[in-house]
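Predicted model only: the values in this text are computed from it and were never measured.
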Amino acid sequence: DKSQNGYAVIRFLPAPDGEDMPFVKLYSHAFQGKGGWFIENSRTTLGEKDPVSEYNSELWNNGTDAGKDQARKQKRKLTYIANIMVVKDPANPQNEGQVFLYKFGKKIFDKIMSAMQPEFEDEEPINPFDFWEGASFKLKAKNVAGYRNYDSSEFGRPEPLLEGDDDALEALWKTQEPLASLVAPDQFKPYEVLKKRLDQVLGLSAPAARPRVEEDTEQEDI
């Protein structure tokens, strides 16, 4: 709206046909250097080495505040992707009943985990991705100090989606987008290509191979 607040009701959907998980997670980097922008998926998503994370480890461990500041600016971003059905969207009513891929961050993922593993004994756990025993998610977005904030978002009470109509649910399930392909190896550039681009963006020379730096257990996610 005019105040940059938004509201919608969505329903997280189960794993697509042939897949085990209802969501995937993706690490990426997006930062600007004197040589332009570096916007790439991180190979750490695959559990492999990534030149940005390696360089950030060097910066973090070089003992300077400037190094840590630069590492923070270049740190990887974690995104989750899941299929959702839009239950209610006042601003875009044509979306209601439609299935979309939804990208979201740690804040909303933590709310999903809290619903599945509640903190208090008097709270019943729910599986938000279940057609019959899941619950709609009230997505409430507002600006706080210039940033998008989802703290007020919450799950409603558990209830079957589409009134539990098995035929309608099966038809809906078949419209879901595949997720595993979004984080398949072919979605990530080779290490050498990423390293060359990183050097271009940051204006780094091509010195001898950097020494391997052991991870500091106290460092931030880089």
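Here the closest heavy-atom approach between residue Gln176 and residue Ala15 is recorded as NE2-C, 4.0 Å. The shortest non-hydrogen separation linking Gln74 to Tyr55 is NE2-CD2, 4.1 Å. Between Pro125 and Met116, the shortest heavy-atom contact is CB-O, 3.3 Å. Between Pro158 and Ile126 the shortest heavy-atom distance is CG-CG2, 3.5 Å. Here the closest non-hydrogen pair linking Leu179 and Met21 is CD1-O, 4.0 Å. Annotation for Asp89 and Ala8: closest pair CA-CB, 4.4 Å, computed over non-hydrogen atoms.
Checked against the 6.0 Å centroid threshold, Tyr102 and Phe100 do not count as a close aromatic pair. Two rings, from Phe23 and Phe12, have their centers 6.0 Å or more apart.
When only modelled atom types and interatomic distance are considered, Arg76 and Ser53 share no side-chain donor-acceptor pair under 3.5 Å.
We find the CD-CG distance between Glu170 and Asp165 to be 10.5 Å, quoted to the nearest 0.5 Å. Rounded to the nearest 0.5 Å, atoms CD (Gln70) and CG (Asn62) are 9.0 Å apart. A distance of 5.5 Å separates OG1 in Thr44 from CG in Asp50, rounded to the nearest 0.5 Å. Atom CG of Leu162 sits about 11.5 Å away from atom CG of Asp167, to the nearest 0.5 Å. Distance CG/Asn61 to NZ/Lys68: 8.0 Å, rounded to 0.5 Å. Residue Phe131 holds its CZ atom at 5.0 Å from CG of Leu172, rounded to the nearest 0.5 Å.
In this structure, the side chain of Ser42 does not engage the main chain of Thr45 through any donor-acceptor pair within 3.5 Å. For Asn92 (side chain) and Asn95 (main-chain N/O), no donor-acceptor pair under 3.5 Å exists by modelled atom type. In terms of modelled atom types and a separation under 3.5 Å, the side chain of Asn83 and the main chain of Leu101 share no donor-acceptor contact. Between the side chain of Gln32 and the backbone N or O of Phe38, no donor-acceptor pair lies under 3.5 Å. At distances below 3.5 Å, not a single donor-acceptor pair connects side-chain atoms of His29 with backbone N or O atoms of Val52.
Hydrophobic clustering keeps Phe104 apart from Val24 (ILVMFWY residues linked when any side-chain heavy atoms are closer than 4.5 Å, directly or through intermediates). Note on Leu161: it clusters hydrophobically with Trp173, by side-chain heavy-atom contacts below 4.5 Å among ILVMFWY residues. Tyr7 and Val87 fall within a single hydrophobic cluster, where Ile, Leu, Val, Met, Phe, Trp and Tyr side chains are chained together by heavy-atom contacts under 4.5 Å. Taken together through direct or relayed side-chain contacts under 4.5 Å among Ile, Leu, Val, Met, Phe, Trp and Tyr, Ile81 and Ile108 form parts of separate hydrophobic clusters. Connection of Phe137 to Val99 is not established within any shared hydrophobic cluster, with ILVMFWY side chains joined at heavy-atom distances below 4.5 Å, either directly or through further cluster members.
Contact check on Glu40 versus Lys189 returns a salt bridge, with a Lys/Arg side-chain nitrogen under 4.0 Å from an Asp/Glu carboxylate oxygen. Salt-bridge annotation for Asp69 and Arg72: present, with a side-chain N of the basic residue lying under 4.0 Å from a carboxylate O of the acidic one. The existence of a salt bridge linking Glu192 and Lys196 is excluded, since no basic side-chain nitrogen approaches an acidic carboxylate oxygen closer than 4.0 Å.
Counting heavy atoms of neighbouring residues, nucleotides and ligands inside a 6.0 Å radius, atom CG of Asp65 does not exceed 12 of them. Within a 6.0 Å sphere centred on CD of Gln94, other residues, nucleotides and ligands contribute more than 12 heavy atoms.
Remark: Asn41 pairs with Leu26, Ser28, Gln187, Phe188 by the side chain to side chain contact (heavy atoms under 4.5 Å, CB included) rule, at least two apart or across chains. With sequence neighbours excluded, no residue forms a side-chain hydrogen bond (donor to acceptor under 3.5 Å, both in side chains) with Thr175. Listed by chain and number, the residues in a side-chain hydrogen bond (donor to acceptor under 3.5 Å, both in side chains) with Ser153 amount to none (sequence neighbours excluded). Not counting sequence neighbours, the partners of Glu154 by the side-chain hydrogen bond (donor to acceptor under 3.5 Å, both in side chains) test are Lys140.
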Chi angles and distances behind the side chain to side chain contact (heavy atoms under 4.5 Å, CB included) call for Phe155, Lys138 | CA-CA 6 Å; Phe155 282 99; Lys138 301 174 185 177; over 6 Å; no
Using the side chain to side chain contact (heavy atoms under 4.5 Å, CB included) rule, take Phe129 and Ile112 through it: C-alpha gap first, then chi angles, then the decisive distance, then the call.
-> CA-CA 9 Å; Phe129 301 97; Ile112 293 173; 3.8 Å; yes
Can Lys88 and Glu96 be said to form a side chain to side chain contact (heavy atoms under 4.5 Å, CB included), step by step?
-> CA-CA 6 Å; Lys88 183 178 181 180; Glu96 295 176 4; 3.9 Å; yes
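Residues Asn143 and Arg148 have side chains in contact (heavy-atom distance under 4.5 Å, counting atoms from C-beta outward). Inter-residue side-chain proximity for Asn127 and Glu133 is flagged as unmet; no heavy-atom pair is nearer than 4.5 Å.
Listed by first and then second residue, the side chain to side chain donor-acceptor pair (under 3.5 Å) pairs involving residues 106-123 are Lys106-Asp110, Lys107-Asp151 (not counting sequence neighbours).
Under a 4.5 Å side-chain heavy-atom cut-off, the cluster of Ile, Leu, Val, Met, Phe, Trp and Tyr residues that includes Trp37 is completed by Ile39.
The side-chain hydrogen bond (donor to acceptor under 3.5 Å, both in side chains) test with Tyr191 is passed by exactly one of Glu48, Glu54, Arg43, Lys49: Glu54.
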